[in-house]
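Each remark here refers to the structure printed beneath this line.
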Protein chains: 2
Amino acid sequence: MTMISVVIAEDQALVLGALAALLKLEGDLDVVGRAANGQQALALCESLRPDILLTDIEMPLMTGLELAAALAAQSLPTRVMIVTTFARSGYLRRALGAGVRGYLLKDAPAETLAAAIRTVHAGGRAIAPELALESWSGKEDPLNERERQVLRLAGEGRSSADIARQIHLSEGTVRNYLSEAISKLDAGNRVEAFRLARDAGWL
Amino acid sequence: MTMISVVIAEDQALVLGALAALLKLEGDLDVVGRAANGQQALALCESLRPDILLTDIEMPLMTGLELAAALAAQSLPTRVMIVTTFARSGYLRRALGAGVRGYLLKDAPAETLAAAIRTVHAGGRAIAPELALESWSGKEDPLNERERQVLRLAGEGRSSADIARQIHLSEGTVRNYLSEAISKLDAGNRVEAFRLARDAGWL
DNA sequence: GGGGCAAGCTGACAATTGTCATGTCAAAGT
DNA sequence: ACTTTGACATGACAATTGTCAGCTTGCCCC
């Protein structure tokens, strides 16, 4: 019996440990490494060459999506699976774009995890069913980089003047971008626009 | 050797399963029940009378804090421990007020969990060290109920007029509450005020 | 060289937001 | 009875925000 080697990346240590314990119950899975952030995970994958990388998205230093892209760029043999809280179609889209093989939600039943790992190891894909459909129906990200940037800052409570200073644009321009974003997202103000964009996974 | 019986409440099924697996590795812990929300957890504690309830805070139907209060109100023998992502001093304060015996963060190392459970079972307390100090130094919630309510809605992107309609106040009054909240929290605008309040655990 | 085009800026205007001072009213203290 | 207090309201004002049209610049492409 060949073991499937797995590296797990997850910034919440308790969850990381718990996931490892969960996988250890399976006879055919071997947790060979653990990382608390994206950079560690990248290093581990480069040195250990595991069959599977199981990674969260929102982590310090490097997100799971950036990590997936980095691994794809150097064509490592490791297959990447995302395990996240967020059912944001923008995340899934980006993940698929980065060649990810699995995208599971943390509120899937625990048994599905091992099954999904085996599926992916065997060459298949494992996408959370509630997202699989929505994925292509969901809209494309309409924001450009400036709009995204400005919206992120606005969402943190910074004023237009503040934002302008911080990214070296005039205040009017900042207001223009914000206005554009608001209208593209069909929102009523910056706060709503921010929430819509964030919840869609576009930030 | 007496087993310590534990019920776990956590809305993310995968994490729930993983935590159960983690505890199963410990010889002296017995996971006798699992709940996906606060109400289920309450029912389980009433029927199973476990030694320990391990619960998340943010869950559907009933939060972990409400759950703790409900258990305290009927003086069940079960000792409650919170395990959460959020290092919000307001949460900890409320938890302690509800007689909770443990408050751990999900980014604590996995080994601490079992140790903390034993400590609590033996009659002690287990508070995440990064919070233990801050707990009393942290400020008291300065907001009154109206301010909280208005701030929550503002944080969702609703306009003052919108909020006024929704809670049947005049727009001026809404602005007044918002203004009060902003100044109490020493923020520059509603968005910042919202974030500060939320991050302190006051919403 | 000229046309199209995207990134930025500006100025003007209306709407919304934040601040204040002041007023009413009912409940709670004294 | 007489404050005090808290909840809610008003109106006025300044600052910020959202919308729009038009201007400049540099870049690419033919």
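Computation of the quantities below employed the complete heavy-atom set of this structure, encompassing side-chain atoms and omitting hydrogens, waters and symmetry-equivalent molecules. In what follows, every chain begins at residue 1, and chains take the letters A, B, ... in the order their sequences are listed.
Distance, B:Glu192 CD to D:dT16 P: 14 Å, rounded to whole Å. To the nearest angstrom, P of D:dC20 lies 10 Å from CD of A:Glu180. One interatomic measurement links the two molecules: CG of A:Leu178 to C1' of C:dT16, which rounds to 14 Å at whole-angstrom precision. We find that CD of B:Gln149 is positioned 13 Å from C1' of D:dC8, with the value rounded to whole Å. Regarding B:Arg190, its CZ atom lies at a distance of 13 Å from the C1' atom of C:dT19, rounded to whole Å. We find that CG of A:Leu151 is positioned 14 Å from P of D:dT17, with the value rounded to whole Å. In this structure, the CD atom of B:Glu147 is 8 Å from the P atom of D:dA7, given to the nearest Å. In this entry the distance linking CZ of A:Arg165 with P of C:dC9 reads 15 Å, nearest Å.
One distance of note links OG1 of A:Thr119 with CZ of A:Arg101; it measures 12.0 Å at 0.5 Å rounding.
At the phosphate of C:dG8, OP1 or OP2 sits under 4.0 Å from a side-chain N or O atom of A:Arg146. Proximity of B:Ser159 to the phosphate of C:dT16: no side-chain N or O atom is located under 4.0 Å from OP1 or OP2. In this model, the phosphate group of C:dG8 is approached by a side-chain N or O of A:Tyr177 to a distance below 4.0 Å at OP1 or OP2. An OP1 or OP2 oxygen of C:dT19 is reached within less than 4.0 angstrom by a side-chain nitrogen or oxygen of B:Ser179. Look at B:Ser160 and you won't find any side-chain N or O under 4.0 angstrom from OP1 or OP2 of C:dT16.
Of the candidate nucleotides D:dA9, D:dT17, D:dC20, D:dC20 has the atom lying nearest to any side-chain atom of A:Asn176. Of the candidates D:dA7, D:dT17, D:dT10, the closest approach to any side-chain atom of B:Asn144 belongs to D:dA7. Candidate nucleotides C:dG18, C:dT17, D:dA9 were compared by shortest atom distance to the side chain of B:Ser170, and D:dA9 ranks first. Looking at the side chain of B:Arg175, the nearest of the listed nucleotides D:dT10, C:dG18, D:dA7 is C:dG18.
In this structure, A:Arg88 forms a cation-pi arrangement with A:Phe86, its terminal cationic atom sitting closer than 6.0 Å to the ring centre and no more than 45° off the ring axis.
What you find for A:Asn37 and A:Gln40 is that their closest heavy atoms are OD1-N, 2.8 Å.
Side-chain contact, A:Arg49 with A:Ser5: no donor N or O sits under 3.5 Å from an acceptor N or O.
Nearer to the 5' terminus of DNA chain D, by closest-nucleotide assignment, is the contact made by B:Leu169 (compared with the other of A:Ile182 and B:Leu169). Between B:Val174 and A:Glu171, the residue whose closest nucleotide on DNA chain D is further toward the 5' end is B:Val174.
Using a 4.0 Å cut-off between charged nitrogen and carboxylate oxygen, A:Arg195 and A:Glu192 do not count as a salt-bridge pair.
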